[in-house]
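Heads up: the structure comes next, in structure tokens.
The analysis underlying the following values was restricted to heavy atoms, covering all of them including side chains, and did not include hydrogens, waters or symmetry mates. This structure is a prediction, so every number in the text was calculated from the model and none was measured.
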Amino acid sequence: MGLLAVAVGLLVAGCQPADREGRGAAEHAGRSGAALAAAYCQSCHLLPEPDLLSVGDWEQHVLPQMALFMGLYDDGAPPDSLFEDGRGGTLVREAGIYPQEPVLSRKQWKAIVAYFQKQAPAVLPRAERPAAEVGLKHFSVHAHEARVPPAMTSLVEIDPSRSLMYVGDVKANYSTLAVLGPEGKVVQQLAPLNGPSHLERVVDTLLVLEAGRLLPTDAPSGRLVKLYRLPGQTQYGALTPVLDSLHRPVHFTRGDLNSDGRSDFVVSEFGRHLGRLSWFEATGGGRYRRHVLKDQPGATRSEIRDLNGDGRPDIVALMAQGDEGIFLFENEGSGHFTEQPLLRFPPAYGSTSFELVDLNGDGHLDILYTAGDNGDYTPPPRKPYHGVRGFLNDGASRFEEAFFFPLRGAYGATPADFDLDGDLDIAAVAFYPGYADDSDEGFVYLENTGAFQFSPSTFSAQGDGRWMVIDSGDLDADGDADLVLGSFVGLLEPHIPNALQRRWLRHSPSFVVLENTTR
């Protein structure tokens with residue numbers, strides 16, 4: 001799997017303050033800080049409770065950013081530093097993300113700030129859980145030599161049907177996508193791609209999503225391309241664009257959404273301020289028509305499933321910026337969709353991934369979800385709500401949390417019956433662990449011991465990389481699911497110890513394969 005939404009979230013990014021809906025600041029004059037927060041801070045996402053962050057994080061990081069989205073600037077106008085150069089900055093200015101005039105008075109804003117200062121804790125509590133045992137009894141760890149230092153792996157994908165894996169690496173000035181065998185030997189180095197973030201193989205073609213620029217951007221420079229493999233040949237050749245002008249896309253999926261016999265696309269454009277979730281209708285002749293499902297940044301991943309059992313494919317998607325949550329887009333027929341939230345999360349959660357999977361074997365699709373994006377803060381705080389969660393479906397698309405395993409900085413999780421005992425285990429990576437804290441892991445294997453209880457373990461060299469992406473599949477065709485983890489260490493961050501960063505830059509593997517030894 002791939003996910004190139006690295007360190008890009010803003011707690012209120014993409015927010016449309018209350019006054020843009022017609023309510024004037026005068027209406028709220030004289031109200032308390034709590035009432036003002038309720039009026040202004042939940043017009044586009046869940047109301048953030050003060051205890052989600054420490055008082056220092058509110059004062060130093062979040063509230064100053066929130067002030068900008070309320071139109072409160074030191075010099076009375078949005079500073080140029082808020083806007084990137086080029087097309088992306090122009091689009092953000094035209095969209096009016098940062099209001100020209102304040103939407104509330106400075107007195108009202110001070111009341112909101114005082115409310116958070118008074119109610120927020122000095123330090124967030126620590127989430128308690130069993131320590132992970134060092135040593136994986138079901139896996140053998142292989143760090144292969146195929147790497148382009150420093151490791152900046154943006155996607156890993158296992159193709160079990162051909163016993164191949166794909167590893168994407170993204171740099172500021174060039175990117176690569178390699179096809180490798182199960183032993184880590186490069187079979188083919190594909191044509192230069194602009195930030196590969198996700199791919200899917202379809203018969204003799206390879207669909208690859210290019211995120212575009214490495215760092216957060218609103219420039220529409222992403223695209224979806226197709227690479228062809230001629231019959232009888234093993235190498236992919238010519239590249240053909242399929243979709244272009246995408247805002248930092250990180251995921252796509254395919255399906256016939258309007259029953260016309262053609263395969264359509266659902267694309268998650270994470271963006272920065274201007275991302276969106278869209279489906280692209282195939283109209284014939286290689287052409288597509290965009291239909292926007294959700295016009296906000298943070299679209300991270302989607303799945304096409306018939307969730308309500310009416311015979312039509314629905315869309316379930318994760319939004320991870322501002323209004324965080326998992327949303328159902330119910331197919332009403334003829335390509336029309338209606339939106340309803342399945343789960344919503346506070347904007348401090350930092351949602352990172354989800355999968356639809358039957359967790360308890362009752363025939364209903366449940367949700368496996370991770371939260372752990374900590375790219376908003378320096379240094380990143382310990383958040384007791386980061387980790388892996390499972391939500392059970394009651395059969396009517398109502399979801400209730402069944403388990404939570406705390407994992408600081410959790411970035412992705414993949415479920416499978418790794419030990420072949422009849423229930424689902426979970427493997428998870430964390431991109432924002434504690435680094436200097438030995439109790440935090442960048443990878444953890446959760447063996448299901450029954451009743452949603454898990455026995456955690458890891459491998460001794462897990463600290464050699466900074467694991468951002470993970471995928472599972474039977475890579476060596478022996479009947480059990482293997483794992484591949486991708487490391488991304490190329491962005492220097494001041495909260496990471498210098499010695500650790502130097503070691504990563506020199507020695508971190510681009511990926512490791514965890515070979516399942518159950519069979």
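A cation-pi arrangement is present between K294 and F327, with the terminal nitrogen or guanidinium carbon under 6.0 Å from the aromatic centre and inside a 45° cone about the axis. In this structure, R466 is positioned above the aromatic face of F431, its NZ or CZ under 6.0 Å from the six-membered ring centre and within 45° of the axis.
Other residues, nucleotides and ligands contribute at most 12 non-hydrogen atoms within 6.0 Å of the CD atom of E400.
Residues R276 and R290 meet the side-chain proximity criterion, which asks for heavy atoms closer than 4.5 Å. Residues K226 and L206 are not in side-chain contact: their nearest non-hydrogen atoms beyond the backbone lie 4.5 Å or more apart.
Using modelled atom types and a 3.5 Å distance limit, the side chains of E84 and T217 yield a donor-acceptor pair. Using modelled atom types, one finds a donor on one side chain and an acceptor on the other under 3.5 Å when comparing E324 with S351. Residues Y432 and H386 have side chains that never bring a donor and an acceptor to within less than 3.5 angstrom of each other. Checking N308 against E330 by side-chain atom types alone, a donor-acceptor pair falls below 3.5 Å. Using a 3.5 Å distance cut-off with no hydrogens or angles, the side chains of S302 and T253 do not pair a donor with an acceptor. In this structure, a donor-acceptor pair under 3.5 Å is absent between the side chains of T458 and E441.
D425 places a side-chain N or O within 3.5 Å of a backbone atom of N448 that can act as its donor or acceptor partner.
You'll find the ring centres of Y385 and F404 outside the 6.0 Å limit. Aromatic ring centres of F443 and W467: separated by at least 6.0 Å. Ring centers of H198 and F252: under 6.0 Å apart, within the cut-off. Aromatic rings from F403 and F452 are positioned such that their centres are separated by under 6.0 Å. Centroid-to-centroid, the aromatic rings of H273 and Y98 come within less than 6.0 Å. F399 has its ring centre no less than 6.0 Å from the ring centre of F391.
Note: T449 OG1 to Q453 CD = 6.0 Å, rounded to the nearest 0.5 Å.
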